[in-house]
**Q** 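Before I ask anything, let me first share the structure, which is written out below as structure tokens.
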Amino acid sequence: MKSVRIEREVDFSRIEKKWQEKWERAKIFEAKEDKKKEKYYVLEMFPYPSGSGLHMGHAFNYTVGDIFARFMRMQDFNVLYPMGYDSFGLPAENAAIKNNVHPKKFTEEAIKNFIKQQKSLGLSYDWSRMIKTSDKEYYKWNQYFFLKFFEKGLAYRKEANVNWCGKCNSVLANEQVHNGKCWIHKDTEVEIKQLKQWFIRITGYAEELLREIQKLDWPERIKIMQRNWIGKSEGSEVDFEIENKKNNFVLLHGFTGSPDKNFFPWLKKELENKGNKVFAPKLPNTNNPNINEQVEHVLKNVKFNENSVLLGHSLGSIVALKVVESLNKPVKKLVLAAGFIDPTLVSEEKPYKKIFDWKFDFEKIKRNAKEIIILRDLYDDSVHKLQAGRLKEKIGGEIIDFEAKEAHICGKQEPVVLNYCLEKWPVFTTRADTLFGVTFLVVSAQHPKLMGLVSEKQKKEVEKFLKKTKSTKQEEIDKMEKEGVFTGSYAIHPLTKEKIPIYAGNFVIAEYGSGMVMGVPAHDQRDFEFAKKYKLPVKQVVQEENKIIVIEKSLEPAFYKKIEEFGRVAKKNGLVYIYTDKINDVFELAKINFIDFPWYIHSEGNIKKIMFHSEKEDKIFDWSNKQELKNTKEYGLKIGIKREQLDFDEIREAYEGFGVLVNSQDFYGLFSDEAKEHIAIALQEKGLGRKSMQYKLRDWLISRQRYWGTPIPIIYCSDCGIVPVPEKELPVELPENVKFGKGNPLETNEKFVNVKCLKCGKKARRETDTMDTFVDSSWYYLRYLDNKNDKKPFAPDKAKYWMPINQYIGGAEHAVMHLIYARFFTKVLRDLGFVKINEPFPKLFNQGMIHGEDGFVMSKSRGNVIDPIDISSRYGADTLRLFLISVASPDKDIVWSKSGVEGSRKFLRKVWDYFENIKFGKISERAEHKINKTIKAVGDEIRYFRYNFAVIKIREMFEFMISEREISKEYLEKTIKILSPFCPHMAEELWEKIGGGGFVSLEKWPEFDEGKIKEEFDKAEEIMEKTISDVKNILKLMKEKQGKEGEKIYLYVLPQEKELYDAKDIGSKTGKEVKIFAVNDKSKYDPQGKAQKSRAGKPAIFVE
RNA sequence: GCGGGGAUGCCGGAGUGGUCAAACGGGACGCGCUCAAGACGCGUUAGCUCAGUGCUUGCCUAGGUUCGAAUCCUAGUCCCCGCACCA
């Protein structure tokens, strides 16, 4: 039959529009809670509605999600698939300034455009659940949550070094700084500013956030990024006592006491011996005290400054509190020994009940004492145990429990009191094994407490250094040689009691650990260079060992035992590490145990390889290689040199590896890992250290000095301090009438800023910072569940039904921002009782990035951007969808290709044409096989996001069907169904065309009939293909060699295989006349006797 | 520097011990259909050889394990991504 050439342009856009409207009118994608059905929540990361509309990355992301949602819907799940807009944010505000449009208007228009574009792609969202974070109905709940966080102490305000982007005109969270630059303005260096800002205490959840990563079904790289970001390190905290001659100690005795009683004389002497100034005034009327009189006495006789350390014992601690309260400058430290504060805990009989009025300005005390220590004797007989706790609630600080030498801390000597009077600085290290190698300490140049360490003599120099550091860009410091300056202070090594100089350095991070590091030049390269530069001593405490590495499997137990006599043996990753200085003995042993040298025994013997690790040249020698063996021997002789003395001429670098401890008192001879433990325990016993964890994760800075965001619901009153806006007054609305231009428009908006204090009614100021937009996106997935609720952020039972999100889909760019914040938020909401789940997104899929035809990431500046809407209006949304997912696996980056798009369109046209010329009838077994097999495969491919494979299989199926004469309606329906998640519009149209009824989108995924899948058909197909190709080859050769055109083709096949061959098919594909004979056919035509060549699966061929 | 991923034919990209000269798509080329095609159909697309066979080379490089390697091991080169003075 001659095919009719019809120039049909399929009107995709008409069809697509038609079905989009039908879907919308019938509301078929709206989801309701239905307890009888299993729910499935599919979600894509919602977009920031930029003015330029949808880009190809969006189209890709949503296509991936939509296919999944449609598939799961057809699998009979109750699918929730919503969409919304992350509509607060900087670009809208910047556009406002630039084009004089209000951000609200700008955003609303952008969203309208987005919705239109998304609808044109045929995405099956439940639009009734749409949310916009810039709606007050949404951000009200941001404020609500903020207040809940505030109540729980999870939101707090503090002054800190923060990252400031000049272009954003705002501070940024740590997560938003990439390589020292702003995440949005990649050309803008982030400055460090000291500002008072709001933080969210995400660090409190660091451990859980880290621990639960392993349970997540996420791409491995995202998990790794999160782990790195949280950055846990295990180590020890070591307390270094600071020998600071500037400290002024003020010791205040208690009721009936005096500076000559209890531990006071001893303490005074101890402190003075360390070079401190000590005042221990005798307080008036010791036996019948009047607090005010005592406080006055102290204030009159003692001068306080920022280096003052107050110690109050018993009633003296009340005096100390009162003194601190009345000062107008902060003091360094307040130590309260056996003190008390809560009148309800004081019994009636006690005489001091009426001594003073129990009223304190706790806030002021908190401000005036930079450090507070509360010492509590566990066996105190005169002060209630709970007192310390109550006190801590009021003024903060740290409670130290201990057993005093005498009850109520009255011993002649109280070492704990001395210990806590002294200034100490904890230093975090992961290498406690190198503690004895510390020859200097370095404190961060940015550390707020730095100047307290600087001596008068060094002041000038330190200031000069700080000035220089401040004027240098962070980026340069990173590359520069590390610099520092001596502070003039010394610390006391906790174990050796040596004096150790303290430097200020430009490379130490103030916020990590305690902001001070120990310098171990022998075992840390950076410290080594620092020491070299400033001529500081180098002390080796870890000695590298020789080690032999053997594959574990190769060792016989007996041999293993013997090796242990030569040194320490450790197993790791299937290898045995033998640490020994008796290399040659091990060699000998190996010789004795294995008749031949081990390196000769590869395959037959037990030892496959013995490798030797050389200290001199970091190289592993393979003994199975004869040439290597020779080298090994040479190197073998050189080992065993002990490096006792080190000087800079000899060594070029630090030894950072592990080994055996030397020069380390009792810890000599321990291996690094053991030594870490032992040293930590030893320190702990002496109260000089402890094992500890450190996280890189910092608290989340949420303040933004911008207008277009959620106002932080806080008021500042000069009398009441921080006053949270009560829940019933929410939302704190963003005023619309504001002036844009310089800085934050909220600040200049008098109406917004000036309020009455909600507590005292006096004049107060409203917080003008808004929240980071990542707050908005941290819980938006919950608002979809109940987007019209005006009483609650969402109903808990709805959250219970829908959460967690079964499948989350988005790009990798949010690995450590949105994804970590949202996880954190969910955990807090769980602890606040809003949800019952631990993780919002147990399954995450990352789609790849789209590159332009030039291979680079699509970007305006490169000019390689392709607008998805352009493509869908020209080729159809189905074509675009099909192309995007057929290039490669959706998790891979893909390269845009115009011809690829055309290829996809071509295929759809083919399918369309097939349906135009369809003939209903009986289906062949082969077709049943093919279609069933495809249904089976496509389902699995979608489940595992191998959409590209699904497409290949669908294509193959249709290619096959086209060659079929007729097909049953039942099977035809099945094929449309499996096409529908990918190309929903066309599927609906075809469905209608064949009279399917209703929407194919709501049909159930077809079952496949395993019984109809018969692999013989695939085999037959293969044989046919091969035969045809053979025939063609012969025809070609005949023409070339003999100059003859073959006319007739005769195939001789085995009788049992005759069924597999289809003469017509071969005929049509070769354009020749074909005859098939069974080899045992007596009447066959076979002039050349070819038939005897016939074999199974391979017919003999004769052409003439 | 640390951590992760990758390198496959003209291109995009499958494949992770034999069924692999390597899916699928695109491109190019040839043939057919045509007045003609950018439309459709068929085929070719490492080289040699050839009545459908056989051989060689081949999946970044160099070695190795194995009866057998694109696939496993060792070393190296290059590319991409993330973090980066984290004590």
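In what follows, chains are A, B, ... by sequence order, proteins preceding strands, each numbered from 1.
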**Q** Return the CD to OH distance between A:Q847 and A:Y947, rounded to the nearest 0.5 Å.
**A**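 Spacing of CD (A:Q847) from OH (A:Y947) equals 10.5 Å.
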**Q** Indicate, with a heavy-atom threshold strictly under 4.0 Å, whether A:G903 touches base, sugar-phosphate, or nothing.
**A**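 Contact class for A:G903: sugar-phosphate only.
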**Q** Considering only B:C24, B:A87, B:C85, which nucleotide approaches the side chain of A:E956 most closely?
**A**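 So the nucleotide nearest the side chain must be B:C24.
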**Q** Is the distance from OP1 or OP2 of B:G41 to the nearest side-chain N or O of A:K910 less than 4.0 Å?
**A**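 Result: yes.
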**Q** When you measure from the side chain of A:I952, which nucleotide among B:C83, B:A51, B:C24 comes out closest?
**A**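 Of all the options, the side chain of A:I952 is nearest to B:C24.
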**Q** Need one value for A:T430: base, sugar-phosphate or nothing, where a base atom within 4.0 Å counts as base even if backbone is also close, heavy atoms only.
**A**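 Sugar-phosphate only.
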**Q** How many whole angstroms separate atom CD1 of A:I222 from atom P of B:C83?
**A**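 Rounded to whole Å, this separation is 11 Å.
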**Q** At under 4.0 Å between heavy atoms, what does A:V520 touch on the DNA or RNA strands: base, sugar-phosphate, or nothing?
**A**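 A:V520: no heavy atom of the nucleic acid under 4.0 Å.
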**Q** Output the single nucleotide from B:A51, B:A87, B:G82 whose closest atom is nearest the side chain of A:M225.
**A**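 Closest nucleotide to the A:M225 side chain: B:G82.
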**Q** Side chain of A:A888: nearest nucleotide among B:G43, B:G13, B:A84?
**A**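 In terms of side-chain proximity for A:A888, the closest of B:G43, B:G13, B:A84 is B:G13.
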**Q** Quick one: is B:G5 close enough that its OP1 or OP2 comes under 4.0 Å of any side-chain N or O from A:K892?
**A**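 No.
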**Q** Is the distance from the ring center of A:F530 to that of A:F440 below 6.0 Å?
**A**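 When the ring centroids of A:F530 and A:F440 are compared, they turn out to be within the sub-6.0 Å range.
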**Q** Could you tell me how far apart A:Y1050 (OH) and B:A51 (C1') are, to the nearest whole angstrom?
**A**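 In whole Å, B:A51 C1' lies 16 Å from A:Y1050 OH.
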**Q** Between C1' on B:A84 and CZ on A:R227, what's the gap in Å once rounded to a whole number?
**A**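 Nearest whole value for this atom pair: 19 Å.
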**Q** Output the rounded distance in Å from NZ (A:K1032) to C1' (B:G41).
**A**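 Spelled out: NZ on A:K1032 to C1' on B:G41 is 11 Å.
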**Q** Run through RNA chain B and report every stem of 3 or more consecutive Watson-Crick or G-U pairs, distances under 3.5 Å, ordered by first number.
**A**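 RNA chain B forms these stems: B:1-7 with B:77-83, B:10-12 with B:24-26, B:27-32 with B:40-45, B:46-48 with B:54-56, B:60-64 with B:72-76.
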**Q** Taking the minimum atom-to-atom distance to the side chain of A:D1030, which one of B:G4, B:U53, B:G82 wins?
**A**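 Between B:G4, B:U53, B:G82, the one nearest the side chain of A:D1030 would be B:U53.
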**Q** Mind calculating the distance between CE (A:M516) and C1' (B:C85) to the nearest angstrom?
**A**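 From A:M516 CE to B:C85 C1': 17 Å.
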**Q** When the distance from CZ of A:R431 to C1' of B:A87 is rounded to whole Å, what number comes out?
**A**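 From A:R431 CZ to B:A87 C1': 11 Å.
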**Q** Just compare B:A87, B:A14, B:G3 and give me whichever is closest to any side-chain atom of A:I224.
**A**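 When the side chain of A:I224 is considered, B:G3 is the closest of B:A87, B:A14, B:G3.
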